[in-house]
Asks: 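This is the structure, below, for whatever I ask next.
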Amino acid sequence: MTWKPDEIRRLFPAFVNGGAGVYLDNAATTQVPDCVLDAVGGFERGGRANIRRGLYPLSLQATEAFEEARAAVGRYLGAADPREIVFTSGATAAINLVAHAFGDTLGPGDEVAISEAEHHSNIVPWQMLRERRGVGLKILPVDARGRPDPDRLEAAITARCRLIAVTHCSNVTGAVTDVAPIAARARQVGALLLLDGAQMAAHGPLDAAALGADFYVISGHKMFGPTGVGALWAGRDILQRMPPFLGGGEMIRAVTFEHTDYAPPPQRFEAGTPPVAQAIGLGAAATWLMDQDWDAAGRHEARLTRGLLEGVRDLEDARVIGPLENENRIGVVSIAVDGVHSHDICHILGERGIAVRGGHHCAQPLMERLGLEATTRASLALYTTDSETAAFLDALGDAIRILR
Ligand code: PLP
């Protein structure tokens with residue numbers, strides 16, 4: 001089947017109203033379809049209630065909607081049981097949760113390994129763990145195209161390694177990590193594997209366990225859901241072994257001044273009132289995403305990505321940073337222009353109504369490794385059209401001519 005982005009765009013008020021313009025900053029945040037807005041609005045307008053504690057119908061309905069959303073997110077990530085999903089405020093919060101709940105069981109002599117390709121959200125929590133617990137932090141180098149290098153696993157992931165935390169897909173280069181050898185190395189040394197799926201999750205349903213992951217984190221606002229929500233997937237046995245991170249209401253079974261019995265997971269990790277409306281919206285986004293024809297959407301995105309890769313190659317002084325081939329990548333294309341700062345390019349493009357991102361993309365160590373200060377990044381989604389990528393390439397060419 002041919003993918004028809006124009007039909008998809010009709011489901012997104014931001015495109016129907018024209019407010020989003022040429023929107024190529026989907027790696028930062030995606031737009032929201034009506035079905036997600038309806039789910040959030042339905043909860044808020046229909047009379048909202050806090051979940052779990054109330055015994056009146058509105059509260060029972062809210063609890064049911066929240067748990068249905070958990071189940072939908074679970075289905076999207078291939079969870080065996082909805083209780084494997086913990087709602088958080090985003091991917092950053094999910095990684096911090098693991099860095100505390102799992103990380104605080106580690107100490108001197110233990111190691112955590114991350115890669116050079118990580119977003120700051122998957123670097124800083126582990127540095128903070130190193131400060132707190134004296135845990136060693138090892139870095140898996142990337143290859144010349146910015147992909148975690150499977151040939152250098154042995155030095156970075158030693159017998160002391162307890163957790164490997166790597167991105168499933170880079171927000172700078174669009175490179176999809178070759179997870180299988182990393183998962184195999186994790187099993188070999190007895191380490192757990194966390195995959196940062198913030199970018200990948202907008203590109204179709206997946207099976208986190210089949211990938212070899214023990215933890216998988218996602219971000220609502222990067223997968224057509226609301227801001228302020230995300231999720232952590234982990235197997236029941238792992239969640240059951242982990243102590244809580246945040247303490248408060250809802251994560252307890254019983255509290256006295258002497259002692260607290262914690263609730264079982266996932267509630268153990270959801271202290272306080274969770275982002276109920278946002279979680280319901282994320283559940284609606286996951287359900288909508290599961291209904292899409294991913295073969296057709298994937299072919300569409302790959303075709304547009306190829307057009308971008310070829311278009312940039314034809315521009316003088318511009319080069320693609322990251323994989324040049326159109327395999328094992330998503331439509332996140334970073335571009336460096338010799339002698340021109342990406343912020344100047346983004347500014348000119350912005351004046352033409354084209355939204356792209358410039359800068360270090362919260363991945364300063366990767367930029368340093370690639371010898372760059374900043375790139376201009378165009379990032380696609382299933383609603384991106386040919387005319388958007390064409391407008392981008394045109395404007396980029398003009399911007400380079402103006403700025404050089
Ligand atoms: N990981 C990656 C690869 C990202 O691109 C981002 C956001 O840009 C994050 C983590 C952080 O996600 P969140 O905004 O949900 O905290």
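First listed ligand is number 1; within each ligand, the first listed atom is number 1.
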Asks: Is a side-chain donor-acceptor pair under 3.5 Å present for Glu301 with His203?
Replies: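 Yes, side-chain donor-acceptor contact under 3.5 Å.
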
Asks: Which residues pass the side-chain hydrogen bond (donor to acceptor under 3.5 Å, both in side chains) test with Asp295, not counting sequence neighbours?
Replies: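 Asp295 satisfies side-chain hydrogen bond (donor to acceptor under 3.5 Å, both in side chains) with no residue once adjacent residues are dropped.
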
Asks: Name the residue from Thr173, Leu370, Leu324 that meets the side chain to side chain contact (heavy atoms under 4.5 Å, CB included) definition with Arg145.
Replies: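 That would be Leu324; it is the only one of Thr173, Leu370, Leu324 passing the side chain to side chain contact (heavy atoms under 4.5 Å, CB included) with Arg145.
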
Asks: Would the Trp233 and Phe269 ring centres measure less than 6.0 Å apart?
Replies: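 That pair fails the under 6.0 Å test.
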
Asks: Would you tabulate the polar-atom pairs, meaning N/O of ligand 1 against N/O of the protein, with distances under 3.5 Å, reported to 0.1 Å?
Replies:
residue  : atom   : partner : partner atom : Å
ligand 1 : 1 (N)  : Asp196  : OD1          : 3.3
ligand 1 : 1 (N)  : Asp196  : OD2          : 2.6
ligand 1 : 5 (O)  : Gln199  : NE2          : 2.8
ligand 1 : 8 (O)  : His119  : NE2          : 3.2
ligand 1 : 8 (O)  : Lys222  : NZ           : 2.6
ligand 1 : 14 (O) : His221  : NE2          : 2.9
ligand 1 : 15 (O) : Ala91   : N            : 2.8
ligand 1 : 15 (O) : Ser219  : OG           : 2.7
ligand 1 : 16 (O) : Thr92   : N            : 3.0
ligand 1 : 16 (O) : Thr92   : OG1          : 2.5

Asks: Does a side chain donor of either Thr29 or His221 reach within less than 3.5 Å of an acceptor in the other side chain?
Replies: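 Side chains of Thr29 and His221: pair found under 3.5 Å.
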
Asks: Check the orientation of Phe224 and Phe12. Use parallel for under 30°, tilted for 30 to 60°, and perpendicular for over 60°.
Replies: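 Ring orientation, 0 to 90° scale: perpendicular.
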
